[in-house]
**Q** 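Before I ask anything, here is the structure I am working with.
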Amino acid sequence: MKIVVLDGYSVNPGDLSWEALEECGEVTVYDRTNAGDVVERAKNADAILTNKVVITEEVMDALSNLKYVGVLATGYNVVDVEAARKRGIVVTNVPAYSTNSVVQMTFAHILNMTNRVAHYARENREGKWSASVDFCYWDTHLDELAGHTLGIVGLGNIGYKVACIARDFGMDVFACTSKNSADLPSGIQKTTFSGLLGISDILTLHCPLTDKTTEMMNKTTISRMKPGALLINTGRGRLVNEEDVAEALESGQLGGYAADVMREEPPRADNPLFKAPNAYITPHIAWATLAARRRLMAVAAANVKAFFSGSPVNVVS
């Protein structure tokens with residue numbers, strides 16, 4: 001069996017092994033593949049693996065041997081799943097591999113904004129503490145999470161774990177979720193999205209990107225939040241209107257915005273968030289811990305093995 005990995009670098013820049021996948025067949029790994037090169041590189045492949053390379057209906061029609069597409073991620077919008085289904089091409093994904101890592105990044109952003117970790121590390125490099133007449137030094141407001149309200153949009157694997165950790169911090173936790181109130185554990189209260197806006201000191205987004213959620217955080221919804229509230233986005237960049245978020249940061253309506261995702265990736269250098277006060281943007285790395293990538297590759301290889309053995313798993317097509 002011929003297997004082609006179209007964009008393997010982001011998953012494995014060299015610190016992991018493709019050995020488990022190589023047990024399934026003849027493997028060719030490309031670090032990156034432009035759209036125009038997909039058909040040529042995968043022309044004899046029985047299976048292709050992709051992270052962000054788009055697999056369209058036209059690509060499938062041009063690949064006569066193609067039987068399987070493995071997405072090296074949880075989201076699978078890079079593949080025309082309906083077209084694959086019509087052609088009998090199996091599409092799989094890798095669910096829940098990065099839950100712990102994304103939750104960790106969510107709190108890294110929250111704690112950075114409430115404890116101003118990066119700010120004080122920078123201040124120390126500039127000698128501010130060394131020059132202090134007191135044993136300690138601070139020049140910003142410092143906040144404690146206990147007693148504050150965390151609003152969570154989406155209570156899947158990631159949102160649920162964020163909620164549990166927030167409870168341990170002593171926070172009041174409210175969630176906008178499709179789950180029934182009776183099914184939620186003690187300490188997590190269900191409310192509407194509108195309800196979250198008015199009560200959240202910190203609002204964190206963990207919902208899928210749909211027509212309904214696209215730019216759900218915009219000038220109107222942000223205006224209904226508590227002045228100075230914090231907004232976290234480790235979900236999808238297009239859940240927010242970035243121009244409106246930047247404007248809210250400038251006016252002080254938002255006290256901070258932290259995100260690991262952006263509308264366009266990589267972003268334009270002139271994105272307004274890069275100049276907005278109290279905006280903290282990480283370059284889509286919440287999923288990319290070594291442990292998460294190791295799990296991702298293990299499940300991806302297991303998906304391929306299961307497909308070729310006749311019992312596919314994690315099928316989304």
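Quick caveat, the model's predicted, so the values are computed rather than measured.
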**Q** In Å and rounded to the nearest 0.5 Å, what is the CD to CZ distance from Glu264 to Arg238?
**A**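 These two atoms lie 11.5 Å from each other.
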**Q** Would a single hydrophobic cluster contain both Ile232 and Val245, if residues Ile, Leu, Val, Met, Phe, Trp and Tyr are joined by side-chain heavy-atom contacts under 4.5 Å?
**A**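 Different clusters: Val245 never reaches Ile232 through Ile, Leu, Val, Met, Phe, Trp or Tyr contacts under 4.5 Å.
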**Q** Can you measure from CD1 (Ile281) to CZ (Phe274) and round to the nearest 0.5 angstrom?
**A**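 Here the interatomic distance stands at 6.5 Å.
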**Q** Hey, any chance Trp287 and Val103 share a hydrophobic cluster, counting ILVMFWY side chains that come within less than 4.5 Å of each other, even indirectly?
**A**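 Looking at the clustering, Val103 is in a separate group from Trp287.
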**Q** Are Val79 and Val54 packed together at the side-chain level, in the sense that at least one heavy-atom pair is separated by less than 4.5 angstrom?
**A**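 Heavy-atom side-chain distance check fails, nothing below 4.5 Å.
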**Q** Going only through I, L, V, M, F, W and Y residues with side-chain contacts under 4.5 Å, is there a path from Leu197 to Leu249?
**A**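 Yes, one cluster joins them.
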**Q** Name all residues meeting the side-chain contact (heavy atoms from CB on, under 4.5 Å) criterion together with Arg294; count only those two or more places apart in sequence or in a different chain, and write none if there are none.
**A**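 By the side-chain contact (heavy atoms from CB on, under 4.5 Å) rule, Arg294 matches Leu16, Leu290.
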**Q** Give the intermediate values and the outcome of side-chain hydrogen bond (donor to acceptor under 3.5 Å, both in side chains) for residues Asn303 and Asn314.
**A** CA-CA 7 Å; Asn303 284 349; Asn314 296 320; 2.9 Å; yes
**Q** Given side chains that start at C-beta, do those of Tyr257 and Leu230 come closer than 4.5 Å, heavy atoms only?
**A**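 Not in contact.
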**Q** May I ask you to decide whether Glu57 forms a salt bridge with Lys86, counting only side-chain N to carboxylate O separations under 4.0 Å?
**A**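 Salt bridge: no.
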**Q** Check whether any side-chain heavy atom of Ile48 lies under 4.5 Å from a side-chain heavy atom of Val53, and answer yes or no.
**A**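 A side-chain contact under 4.5 Å is absent here.
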**Q** State plainly whether the residues Arg87 and Glu82 are in salt-bridge range, i.e. N to O under 4.0 Å.
**A**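 No salt bridge links Arg87 with Glu82.
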**Q** Name every donor-acceptor pair, under 3.5 Å, that has one atom in a side chain of residues 146-164 and the other anywhere in the protein, sequence neighbours excluded.
**A**
| unit_1 | atom_1 | unit_2 | atom_2 | d |
| --- | --- | --- | --- | --- |
| His148 | ND1 | Glu144 | O | 3.0 |
| His148 | NE2 | Asp143 | OD1 | 3.4 |
| Lys161 | NZ | Asn100 | OD1 | 2.5 |

**Q** The test is side-chain hydrogen bond (donor to acceptor under 3.5 Å, both in side chains); show your working for Tyr76 and Thr92 and say whether it passes.
**A** CA-CA 8 Å; Tyr76 48 89; Thr92 68; over 6 Å; no
**Q** Would you indicate whether Arg116, at its atom CZ, is surrounded by more than 12 heavy atoms from other residues, nucleotides or ligands within a distance under 6.0 Å?
**A**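 Yes.
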**Q** Once salt bridge (Lys or Arg N to Asp or Glu O under 4.0 Å) is applied, do any residues pair with Arg268, and if so which ones, sequence neighbours excluded?
**A**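 For Arg268 the salt bridge (Lys or Arg N to Asp or Glu O under 4.0 Å) partners, ignoring immediate neighbours, are Asp270.
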**Q** Any chance you could pull the hydrophobic cluster mates of Val117, using side-chain heavy atoms under 4.5 angstrom and chaining through other members?
**A**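 Traced through the cluster, Val117 reaches no other member.
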**Q** Check whether any side-chain heavy atom of Val11 lies under 4.5 Å from a side-chain heavy atom of Leu296, and answer yes or no.
**A**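 They are in side-chain contact.
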**Q** When clusters are formed by joining ILVMFWY residues with side-chain heavy atoms under 4.5 Å apart, either directly or through shared neighbours, do Ile3 and Phe307 land in the same one?
**A**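 In one cluster: yes.
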**Q** With rounding to the nearest 0.5 Å, note down the distance linking NE2 in His119 to OH in Tyr280.
**A**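 Reported value, rounded in 0.5 Å steps: 8.5 Å.
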**Q** Just wondering, do Ser317 and Val315 contact through their side chains at under 4.5 Å, heavy atoms?
**A**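 Yes, their side chains come closer than 4.5 Å.
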**Q** Looking at CG of Asn233 and CE of Met216, how far apart are the two atoms once the value is rounded to the nearest 0.5 Å?
**A**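 It comes to 10.0 Å.
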**Q** Any chance you could measure Ser130, atom OG, to Glu123, atom CD, to the nearest 0.5 Å?
**A**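 Answer for the OG-CD pair, Ser130 versus Glu123, is 11.5 Å.
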**Q** Which donor-acceptor pairs under 3.5 Å do the side chains of residues 181-192 make with protein atoms, sequence neighbours left out?
**A**
| unit_1 | atom_1 | unit_2 | atom_2 | d |
| --- | --- | --- | --- | --- |
| Lys190 | NZ | Thr177 | O | 3.3 |
| Lys190 | NZ | Lys179 | O | 2.8 |
| Thr192 | OG1 | Gly195 | N | 2.9 |

**Q** What side-chain donor-acceptor pairs closer than 3.5 Å can you find for residues 104-113, not counting sequence neighbours?
**A**
| unit_1 | atom_1 | unit_2 | atom_2 | d |
| --- | --- | --- | --- | --- |
| Thr106 | OG1 | Val102 | O | 2.9 |
| Thr106 | OG1 | Thr234 | OG1 | 3.3 |
| His109 | NE2 | Thr282 | OG1 | 3.1 |
| Asn112 | OD1 | Ala118 | N | 3.0 |

**Q** Less than 4.0 angstrom from a charged side-chain N to a carboxylate O is my criterion; do Asp7 and Arg32 meet it?
**A**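 No.
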**Q** Should we count NZ of Lys2 as having more than 12 external heavy atoms under 6.0 Å?
**A**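 Count not over threshold, so no.
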**Q** Heavy-atom count around Trp129 CH2 within 6.0 Å, excluding the residue itself: above 12?
**A**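 For Trp129, atom CH2 is not crowded (no more than 12 foreign heavy atoms under 6.0 Å).
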**Q** Can you tell me how far apart OG1 (Thr56) and CE (Met60) are? Round to the nearest 0.5 Å.
**A**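 Separation between the atoms: 7.0 Å.
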**Q** Hydrophobic clustering (ILVMFWY, side-chain heavy atoms < 4.5 Å, transitive) - are Leu72 and Val81 grouped together?
**A**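 No; tracing contacts between hydrophobic side chains, which count when under 4.5 Å, never links both residues.
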**Q** Tell me, do Ser194 and Arg224 make a side-chain contact under 4.5 Å, heavy atoms counted?
**A**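 Side-chain contact under 4.5 Å: yes.
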**Q** Under a 4.5 Å cut-off applied to non-hydrogen side-chain atoms, are Glu215 and Leu239 in contact?
**A**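 Result no, sub-4.5 Å side-chain heavy-atom pair not found.
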**Q** Just checking, is any N or O donor in the side chain of Thr213 or Thr210 under 3.5 Å from an acceptor N or O on the other one?
**A**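 A pair is found: one side chain offers a donor N or O, the other an acceptor, under 3.5 Å apart.
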**Q** Give the minimum heavy-atom separation between Ala166 and Val173, together with the two atoms involved.
**A**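 Smallest interatomic distance, heavy atoms only, reads CB-CG2, 3.8 Å.
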